[in-house]
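Okay, so here's the structure we're looking at.
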Amino acid sequence: MTESIPSQFKENAVRQLADEDLRQALTKSKGHFTGGRQKSIDNLPEFEELRDKARDIKNHTIENLDFYLEAYEKKVLSSGGHVHWASTAKDAQEIVLNICQTVGATSVNKGKSMIGEECDINEALEAAGINAVETDLGEYIIQIRNERPSHIIAPAVHLTKAQVEESFRETHTHLDPERVLDEPPTLLEEARKVLRKKYFEAEVGITGANFLVAETGSSIIVTNEGNGDLSQLLPRVHIVLASIEKVVPNLEDASTLLRVLARSATGQEFSVYTTISTGPRRDEDLDGPEEYHVILLDNGRTSMLGTEFQDMLRCIRCGACMNHCPVYQSVGGHAYGWVYPGPMGAVLSPGLLGVDEAGHLPNASTFCGRCEEVCPVHIPLPKMMRHWREREFERHLTPNAYRKGIQLWSFIALRPNLYKRLTSFHIRILGWIGRRRGRFSSLPMAKGWTKYRDLPAPEGKTFQKQWSERS
Amino acid sequence: MNNERNNIINNIRKSLGRAGPICSEEAKELNARVNKPVRNLLPSRTELPKNELINLFQKMAEDVFATVERVKNTDEIPDSLTDYLKKENLPAQVVMSPDPYLDNTPWEKQPLLEIRKGIPNEQDMVSVTSAAGAVAETGTLAMFSGPSHPSTLNFLPETHVVVLPVDRITKNY
Ligand code: SF4
């Protein structure tokens with residue numbers, strides 16, 4: 001696997017910025033997502049009001065999370081399902097392996113699941129000699145390329161068509177090497193054919209859940225390919241991997257969240273398939289799994305409750321924040337080095353992995369605020385990134401030069417007279433030196449900027465000066 | 001495992017600043033929310049007379065590349081299905097849900113149409129089912145799993161033909 005880790009965000013980002021394929025792939029996908037979202041919202045006058053409701057539903061559920069989880073558990077049990085609780089990713093792995101081994105599974109189908117990624121379920125299964133097959137097209141592509149997803153809803157968004165074609169040719173060696181494979185439909189068709197065979201081989205199907213419903217004890221998944229749906233229908237055992245904050249009180253609440261989810265994610269009015277599963281097959285059913293297991297994962301979430309990061313637990317994983325983030329759109333998802341990229345990852349990853357490991361990610365923001373503007377559940381992402389920066393600073397995890405610089409700046413900024421004198425002095429000096437070219441191609445102490453672009457030379461007076469002259 | 005459960009529940013309570021479970025007064029309210037959900041805000045685009053609701057359903061479904069064909073009564077269904085299969089170059093061979101609505105359709109009008117009732121297998125290319133409901137808001141079909149409608153019929157065959165009595169179209173989901 002091309003490993004990058006969150007603590008190396010800077011190095012990862014530099015590498016990704018130079019990747020031409022990535023640039024091409026991201027440029028192509030961006031307009032599709034942002035334009036689609038805007039169009040679907042323009043078609044729904046109630047969207048803003050629904051967003052507020054969605055936020056309120058999530059807040060209410062989180063404030064009463066223990067109650068709703070217990071109510072949900074009761075319903076799952078009464079419909080013949082099993083509920084397992086996992087404090088850590090390792091616990092979840094063990095529960096999955098245990099179930100697989102009990103039923104003698106040699107092959108497992110996977111629907112797309114971010115919790116599966118968070119728990120490295122595929123690696124755990126492979127290590128136990130169990131074959132794990134991703135059935136979502138994007139997940140399948142990155143699985144055969146041995147990569148991590150670079151986006152929470154479009155895992156292979158960082159790849160070009162040509163790269164996918166190359167991987168298919170390398171992997172599907174049983175097919176005619178002369179076949180034409182250069183258009184998305186032909187790629188999709190080939191993946192379908194290959195995956196179809198596997199559906200029938202697996203004894204266990206693992207999916208995530210977009211929502212868990214306390215009213216009915218159901219898990220809900222939304223897909224566009226019908227792959228996750230088959231993964232949970234065909235094998236003898238269905239395992240749902242979900243984090244504890246996925247629970248909602250009732251189906252009405254789930255409906256409101258669904259109304260903002262697809263629109264924010266892909267710009268669809270509704271996902272192609274929304275499947276609600278409740279328990280295993282009943283005696284009279286002709287198909288469906290014989291066993292239904294839900295694994296409820298904590299993995300650090302309970303310690304975000306009651307803190308300034310609690311709001312992050314509202315996230316419904318739509319991906320809008322990364323689709324609209326200028327930093328994500330430049331460096332791509334892999335630079336973030338873990339499961340969750342973009343603004344939501346910059347807030348969530350330090351919460352789940354710890355600030356030592358991922359405290360660098362919240363620095364990857366220009367604070368332009370687009371993420372918060374588009375978030376369907378109004379998560380104040382920039383504010384929370386700032387909180388993480390403060391924590392990183394408090395814990396002396398920021399580089400020394402940065403700390404000294406900030407300290408010096410705050411010393412000056414707190415003394416208005418000194419600030420005024422220094423800035424007007426500097427502006428005159430810089431303006432004078434750069435007066436001929438109007439810009440600098442290198443400046444001492446500003447290499448981080450001038451290495452990639454010129455710094456414009458200041459013209460005229462400082463902002464404060466101009467302001468005082470106006471008023 | 002019970003331990004894990006208690007740990008997680010206790011951690012939630014601790015983090016939320018509560019010593020134990022939610023007090024019984026509040027729990028009553030929460031229980032009501034779980035068991036007697038009230039309708040939430042619904043998009044007003046469906047405030048239409050019945051006939052236009054059908055049109056809206058059709059438009060929304062066609063926008064996401066479904067094809068829709070209207071027939072007057074069940075008598076017309078067999079011809080409509082075989083015409084479609086011919087047009088799409090599909091075999092006159094379908095796997096069908098054993099549901100009462102389809103059982104009462106006069107399939108004998110198309111004697112060449114091969115029908116198997118039950119669950120699909122890997123080779124089946126076309127499934128035919130009815131839908132328990134449909135949502136005009138988004139052009140979505142609603143199906144309930146059960147002995148008369150195995151869910152694999154919705155997902156496995158590449159082509160899914162759905163018979164939808166128009167009185168099952170509702171406004172919102
Ligand atoms: S933080 Fe908001 S915008 Fe980002 S994925 Fe979560 S819900 Fe979507």
Side-chain angles (χ1 to χ4, degrees), chain A residues 43-46 49-50 53 57 60 63-71 73 83-87 91 95 196-197 199-200 214-215 226 229-230 233-234 244 249-253 255-256 258-259 268-270 272-275 281-282 284-288 296 298 302-307 310, chain B residues 1-18 20-22 26-27 30-31 33-45 60 63-64 97-98 118-122 135 137-140 142 145-156 158 160 172-173:
Chain A
N43 279 336
L44 187 72
E46 295 88 353
E49 219 177 315
L50 283 164
K53 299 241 183 255
I57 290 167
H60 168 82
E63 287 293 341
N64 301 289
L65 192 57
D66 51 336
F67 177 89
Y68 286 117
L69 283 171
E70 290 189 315
E73 180 189 40
V83 179
H84 311 259
W85 301 72
S87 292
D91 295 336
I95 296 166
R196 226 174 160 68
K197 285 234 125 7
Y199 277 125
F200 292 89
E215 176 191 359
D229 316 75
L230 277 176
L233 264 175
L234 291 172
I244 49 175
N250 59 47
L251 284 168
E252 286 301 329
D253 294 324
S255 299
T256 298
L258 286 166
R259 284 192 172 91
Q268 287 166 287
E269 290 275 341
F270 208 44
V272 178
Y273 298 106
T274 300
T275 300
R281 81 159 72 171
R282 296 149 294 190
E284 63 279 19
D285 281 329
L286 304 176
D287 59 6
L296 294 171
D298 177 352
T302 49
S303 52
M304 289 171 80
L305 277 176
T307 71
Q310 175 168 320
Chain B
M1 199 166 61
N2 240 342
N3 239 344
E4 290 280 298
R5 178 191 187 283
N6 294 343
N7 274 348
I8 294 176
I9 294 285
N10 286 338
N11 282 342
I12 294 172
R13 289 183 182 146
K14 224 187 305 156
S15 295
L16 290 173
R18 257 192 283 112
I22 284 167
E26 255 178 89
L30 301 183
N31 262 322
R33 181 156 178 163
V34 169
N35 297 315
K36 286 194 215 66
V38 283
R39 269 302 212 184
N40 211 330
L41 172 70
L42 298 174
S44 57
R45 65 163 71 138
M60 296 306 288
D63 278 355
V64 287
S97 54
I119 54 172
N121 59 39
E122 224 181 311
V135 182
E137 179 188 342
T138 47
T140 305
S145 71
S148 61
H149 194 140
S151 293
T152 35
L153 285 170
N154 309 336
F155 296 105
L156 202 55
E158 295 266 314
H160 184 191
N172 305 92
Y173 60 87

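Letters go in sequence order (proteins before strands), and every chain restarts at 1. Keep in mind that this is a model prediction, so the values were computed, not measured.
With respect to chain B, the highest number of heavy-atom pairs below 4.5 Å among L251(A), T275(A), N64(A), D298(A) belongs to N64(A). Looking only at heavy-atom pairs under 4.5 Å with chain B, the residue among D253(A), L69(A), N43(A), I57(A) that has the most is D253(A). Chain A forms more heavy-atom pairs under 4.5 Å with one residue of E158(B), H149(B), K36(B) than with any other, namely E158(B). Between chain A and the residues V135(B), V64(B), L42(B), D63(B), the most heavy-atom pairs under 4.5 angstrom are made by L42(B). Chain B forms the most heavy-atom pairs under 4.5 Å with one residue out of L305(A), L296(A), T307(A), and that residue is L305(A). Each of L230(A), D91(A), L258(A), V272(A) has some count of heavy-atom pairs under 4.5 Å with chain B, and the biggest count is that of L230(A). Counting heavy-atom pairs under 4.5 Å between each of V34(B), L30(B), L16(B), L41(B) and chain A puts L30(B) at the top. With chain B as the partner, the residue from R281(A), E269(A), M304(A) showing the most heavy-atom pairs under 4.5 Å is E269(A).
Both the backbone and the side chain of L50(A) come within contact range of chain B, each with at least one heavy atom under 4.5 Å from a heavy atom of that chain. Proximity to chain A (any heavy atom under 4.5 Å) is shown, for T152(B), by both the backbone and the side chain. For T140(B), the part sitting under 4.5 Å from any heavy atom of chain A is the side chain, from C-beta outward, and nothing else. Heavy atoms of V38(B) lying under 4.5 Å from chain A belong exclusively to its backbone. Both the backbone and the side chain of S44(B) have a heavy atom closer than 4.5 Å to some heavy atom of chain A. Contact of T274(A) with chain B is not made at all, since no heavy-atom distance falls under 4.5 Å. N31(B) touches chain A through backbone and side chain together, each having a heavy atom under 4.5 Å away. Looking at A142(B), neither its backbone nor its side chain comes within 4.5 Å of chain A, counting heavy atoms on both sides. In this structure, chain B has heavy atoms under 4.5 Å from both the backbone and the side chain of E63(A).
When all heavy atoms of N172(B) and R259(A) are compared, the pair lying nearest together is CB-NH2, 3.8 Å. Of all heavy-atom pairs between G146(B) and D285(A), the closest is CA-OD1, 3.2 Å. The two residues S151(B) and D287(A) have their closest heavy-atom pair at N-OD2, 3.1 Å. Nearest heavy atoms, P43(B) versus L44(A): CB-CD1, 3.7 Å. Taking all atoms of both residues into account, the shortest heavy-atom contact from E122(B) to F200(A) is CG-CE1, 3.2 Å. For the residue pair S303(A) and S15(B), the shortest heavy atom distance occurs at CA-OG, 4.4 Å.
Residue L234(A) holds its CG atom at 9.0 Å from CD1 of I119(B), rounded to the nearest 0.5 Å. To the nearest 0.5 Å, the span separating CG on L65(A) from CZ on R13(B) amounts to 10.5 Å. Of the inter-residue distances, the one linking E137(B) atom CD with F270(A) atom CZ reads 8.0 Å to the nearest 0.5 angstrom. The distance from atom CG of D229(A) to atom CG of L156(B), rounded to the nearest 0.5 Å, is 11.5 Å. The CD1 atom of I8(B) sits 7.0 Å away from atom OG1 of T302(A), with the distance rounded to the nearest 0.5 Å. Here Y68(A) contributes atom OH and I12(B) contributes atom CD1; the two are 13.5 Å apart, rounded to the nearest 0.5 Å.
Formation of a donor-acceptor pair under 3.5 Å by the S255(A) side chain with backbone atoms of Y173(B) is not found in this model. With hydrogens and angles ignored, the 3.5 Å screen pairs a side-chain donor or acceptor of N250(A) with a backbone N or O of R33(B).
The residues R45(B) and E46(A) are annotated as not salt-bridged, no charged nitrogen and carboxylate oxygen being separated by less than 4.0 angstrom. Remark: E70(A) engages R5(B) in a salt bridge, criterion side-chain N to carboxylate O under 4.0 Å.
Neither side chain, N7(B) nor S87(A), offers a donor N or O lying under 3.5 Å from an acceptor on the other. A donor and an acceptor atom, one from each side chain of S145(B) and R282(A), are located under 3.5 Å apart.
Partners of F67(A) under the ring pair (Phe, Tyr, Trp, His ring centres under 6.0 Å) rule, at least two apart in sequence or in another chain, do not exist in this structure. Remark: R196(A) pairs with no residue by the side-chain hydrogen bond (donor to acceptor under 3.5 Å, both in side chains) rule, at least two apart or across chains.
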